[in-house]
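The shown structure was predicted, so the numbers you read here are calculated from the model rather than taken from an experiment. Each chain gets a letter, A, B and so on, in the order its sequence line appears, and its residues count up from 1. Every heavy atom of this structure was used, including side-chain atoms; hydrogens, water molecules and symmetry mates were not.
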Amino acid sequence: MLDGRYLRENLDAIRAAMGARGAGWDFDRFVALDDERRRLIGEVESRQAQRNEASKAIGELMRTGQRDEAEAAKQQVRVINDEIAGLDGGLAQTESDLREMLLTIPNIPHESVPVGTDENDNVEVRRWGTPPAFGFEPQAHWDLGPALGLIDFERGVKLAKSRFIVLGRDGARLNRALINFMLDTHGARGYREWAVPAMANSETLLGTGQLPKFADDLFHTDEGLYLIPTAEVQLTNLHREEVLEADTLPRQYCAYTPCFREEAGAAGRDTRGMIRVHQFDKVELVKFATPETSMDALEGMVADAEFILQQLGLAYRTIVLCTGDMGFGAAKTYDIEVWLPSYDNYKEISSCSNCWDFQARRASIKYRSPAEFKGSRFVHTLNGSGLAVGRTLVAVLENYQQADGSVVVPEVLRPYMGGQDVIKGEA
RNA sequence: GGAGGGGUGGCAGAGUGGUUGAAUGCGGCAGUCUCGAAAACUGUUUAGCGGGUAUCCCCCGCUACGAGGGUUCGAAUCCCUCCCCCUCCGCCA
């Protein structure tokens, strides 16, 4: 959510920013609603002041026994109250319209973000590693995984529905090894670990921006709860409606959770394999930072996510998303893409964003620094995958496969696999 | 799930319809004292919104005592619904 006052005072700049994003928004309606809102507030408040004054006087009249005068005054206040009620109705409607508008306007791109219309305008910033050269025809994970008994697509469908998978044997162990490796690695680099609910309420989803605009992407229960699409939701909302002390910033959090996505509108995309499924595991990174440091914090977070891939020896490239390709709440986003032989290309495995004060304003997450300023200010929130575990598992299988159909376990994972160095099919 | 109790400022805890945004205590901040600190004493200490001035300095007003509705001239105080917490019972990993 953007600040209504800031919006009002920077209409032209924000109009241009939304143009760069390719996001349509009715600025004229906003201005009209905002003017109307302030006019009504003025009217309502002046009458409320009258009423408070009169009520106080009535109390005095009652105490001194002037009943007739009191009754007359009461009648006057009733009239005022009727007026207030009438104005209030209009004000409530105007404010809810306004709030709805503010909740659906996307974030303003940071000045360092390249302007563009879609993913073709994203800019690669670096590459690391070399895609493996196989002396044989490499298999895609959707062939390799089932052959080794690691991934079972059919049973995933049997247990739930399509786009759910089952991991078996060393697939399950490798998945768990990746989770533990990622958590331990980030933990050693200054991220505090949390375990959070896999379900969240609507206030929480509103705070991070999944609601109200993207309800179709979420699974929900008939009790009004939603399955989380990412731990970002929970880690960021840990501090919803809180004021943090500046000397505790930046805060760096991480958590492993399953993630659930309806993937409405993704029919036909990535249908093969486990690249796009309804449930996957992810280790998430979240930071709370001051406005002065948040851009550096973003670079650091990207480096932390990249470090996992470096440790795993997986080739990747990092790109910065252009204005037209960024997510709703992001001011700047880097995607990290890992090399996947089956795609003969790089495929997204992490997305790290600085949301600026966009989520903080929605969720009311502030910080105070008495030595620097009075009161409190909104923090900046950042989030990034560190990494998507399912896709990492795919990348390990495909990049580490051998001519005989086995898979070498990356060295850093072996301690998490009981020393196992190769994955073979069942004997 | 059943029965009962309760949700007030950073914390503790008063307040059951009329200058109560809210006593008191603790904590925090500032000052006096001190070489400095402690103690003591004095003062101060919520947030959001609207307007003025103008821009984070102050002034005026409105709103907020779990959330939402209602009664009333007026509600932290009365009524209804919901949420949450505590105690006991039941159930359960």
Side-chain angles (χ1 to χ4, degrees), chain A residues 1-11 30-103 195 197-207 211 221-226 237-248 290-292 357 360-379:
Chain A
M1 174 161 58
L2 299 180
D3 179 30
R5 187 177 310 173
Y6 178 75
L7 223 170
R8 191 194 310 146
E9 291 168 359
N10 298 276
L11 269 183
F30 165 77
V31 170
L33 283 170
D34 187 59
D35 287 347
E36 177 70 354
R37 167 174 171 270
R38 284 186 290 163
R39 184 183 70 78
L40 288 170
I41 285 176
E43 301 238 351
V44 168
E45 287 190 351
S46 69
R47 282 171 178 74
Q48 285 174 329
Q50 280 177 39
R51 179 182 64 189
N52 291 344
E53 191 88 6
S55 291
K56 207 176 284 183
I58 290 171
E60 198 57 36
L61 290 171
M62 300 288 276
R63 199 173 300 109
T64 55
Q66 296 170 272
R67 304 203 73 88
D68 291 345
E69 289 85 342
E71 283 307 317
K74 285 185 187 182
Q75 190 51 45
Q76 287 179 6
V77 177
R78 285 196 194 98
V79 173
I80 295 174
N81 273 339
D82 287 345
E83 291 177 4
I84 292 175
L87 291 166
D88 247 343
L91 180 59
Q93 185 59 49
T94 303
E95 293 203 309
S96 97
D97 289 350
L98 211 46
R99 177 171 167 76
E100 194 176 315
M101 286 197 79
L102 288 172
L103 283 174
M199 289 199 262
N201 59 37
S202 55
E203 290 76 29
T204 298
L205 276 313
L206 202 68
L211 291 180
T221 73
D222 54 14
E223 293 178 313
L225 288 170
Y226 298 81
N237 276 284
L238 282 175
H239 294 304
R240 187 172 81 233
E241 285 152 47
E242 289 185 14
V243 181
L244 308 173
E245 297 297 331
D247 58 20
T248 68
T290 60
E292 297 76 36
D357 60 1
R361 178 170 288 109
R362 288 176 157 242
S364 186
I365 307 169
K366 300 179 173 181
Y367 75 106
R368 35 179 253 114
S369 180
E372 291 179 84
F373 57 85
K374 279 185 68 175
S376 55
R377 295 179 179 174
F378 291 114
V379 299

Could you let me know what [N] is paired to, Watson-Crick or G-U wobble, both distances under 3.5 Å, or none if it's on its own?
| N | answer |
| --- | --- |
| A93(B) | none |
| G17(B) | none |
| A23(B) | none |
| U46(B) | A64(B) |
| A40(B) | U32(B) |

By nearest atom, which of the nucleotides [options] is closest to the [X] side chain?
| X | options | value |
| --- | --- | --- |
| Arg377(A) | G51(B), C56(B), G74(B) | C56(B) |
| Ser55(A) | C62(B), G74(B), G50(B) | G74(B) |
| Ile58(A) | C73(B), G50(B), C62(B) | C73(B) |
| Arg8(A) | C62(B), G50(B), C73(B) | G50(B) |
| Lys366(A) | G50(B), G61(B), G48(B) | G48(B) |

Of Arg368(A) and Asp34(A), the one whose closest nucleotide on RNA chain B sits nearer the 5' end is Arg368(A)

Between Glu95(A) and Gln50(A), which is nearer to the 5' end of RNA chain B once each is assigned its nearest nucleotide?
Glu95(A)

Say we look at [N] and [M]: how far apart would their [atom1] atoms be, to the nearest angstrom?
| N | M | atom1 | answer |
| --- | --- | --- | --- |
| C85(B) | U8(B) | C1' | 15 Å |
| C82(B) | U19(B) | C1' | 34 Å |
| A22(B) | A64(B) | P | 14 Å |
| G15(B) | A76(B) | C1' | 8 Å |
| G51(B) | G9(B) | P | 29 Å |
| U46(B) | G10(B) | P | 10 Å |
| A12(B) | G2(B) | P | 30 Å |
| U24(B) | U44(B) | P | 11 Å |

Taking NZ, NE, NH1 and NH2 as the nitrogens, is one of them in Lys56(A) or Glu60(A) under 4.0 Å from a carboxylate oxygen of the other?
no

Can you tell me how far [atom2] of [N] sits from [atom1] of [X], to the nearest Å?
| X | N | atom1 | atom2 | result |
| --- | --- | --- | --- | --- |
| Ile41(A) | C60(B) | CD1 | C1' | 16 Å |
| Gln48(A) | G51(B) | CD | P | 15 Å |
| Ile84(A) | U72(B) | CD1 | P | 15 Å |
| Glu53(A) | G74(B) | CD | P | 15 Å |
| Glu45(A) | G51(B) | CD | C1' | 8 Å |
| Glu60(A) | G74(B) | CD | P | 18 Å |
| Asp88(A) | G70(B) | CG | P | 10 Å |
| Lys74(A) | G17(B) | NZ | C1' | 12 Å |

I'd like to check Leu7(A) versus Asp34(A) (side-chain heavy atoms, cut-off strictly below 4.5 Å). Are they in contact?
no

Are side-chain heavy atoms of Gln50(A) and Glu83(A) found at a separation under 4.5 Å?
no

Across the strands shown, which category fits Ala73(A) at heavy-atom distances under 4.0 angstrom: base, sugar-phosphate, nothing?
nothing

N/O (side chain, [X]) to phosphate O (OP1/OP2, [N]) under 4.0 Å:
| X | N | result |
| --- | --- | --- |
| Arg5(A) | G50(B) | yes |
| Arg38(A) | G50(B) | no |
| Asn52(A) | U19(B) | no |
| Arg51(A) | C73(B) | no |

For Glu100(A), look at atom CD and say whether over 12 heavy atoms of other residues, nucleotides or ligands are found less than 6.0 Å away.
no

Any luck finding a side-chain donor-acceptor pair between Asp97(A) and Gln93(A) under 3.5 Å?
yes

Could you tell me whether the side chains of Asn201(A) and Thr204(A) share a donor-acceptor contact shorter than 3.5 Å?
yes

Expected output: side-chain Ser364(A) to main-chain Arg361(A) donor-acceptor under 3.5 Å
no

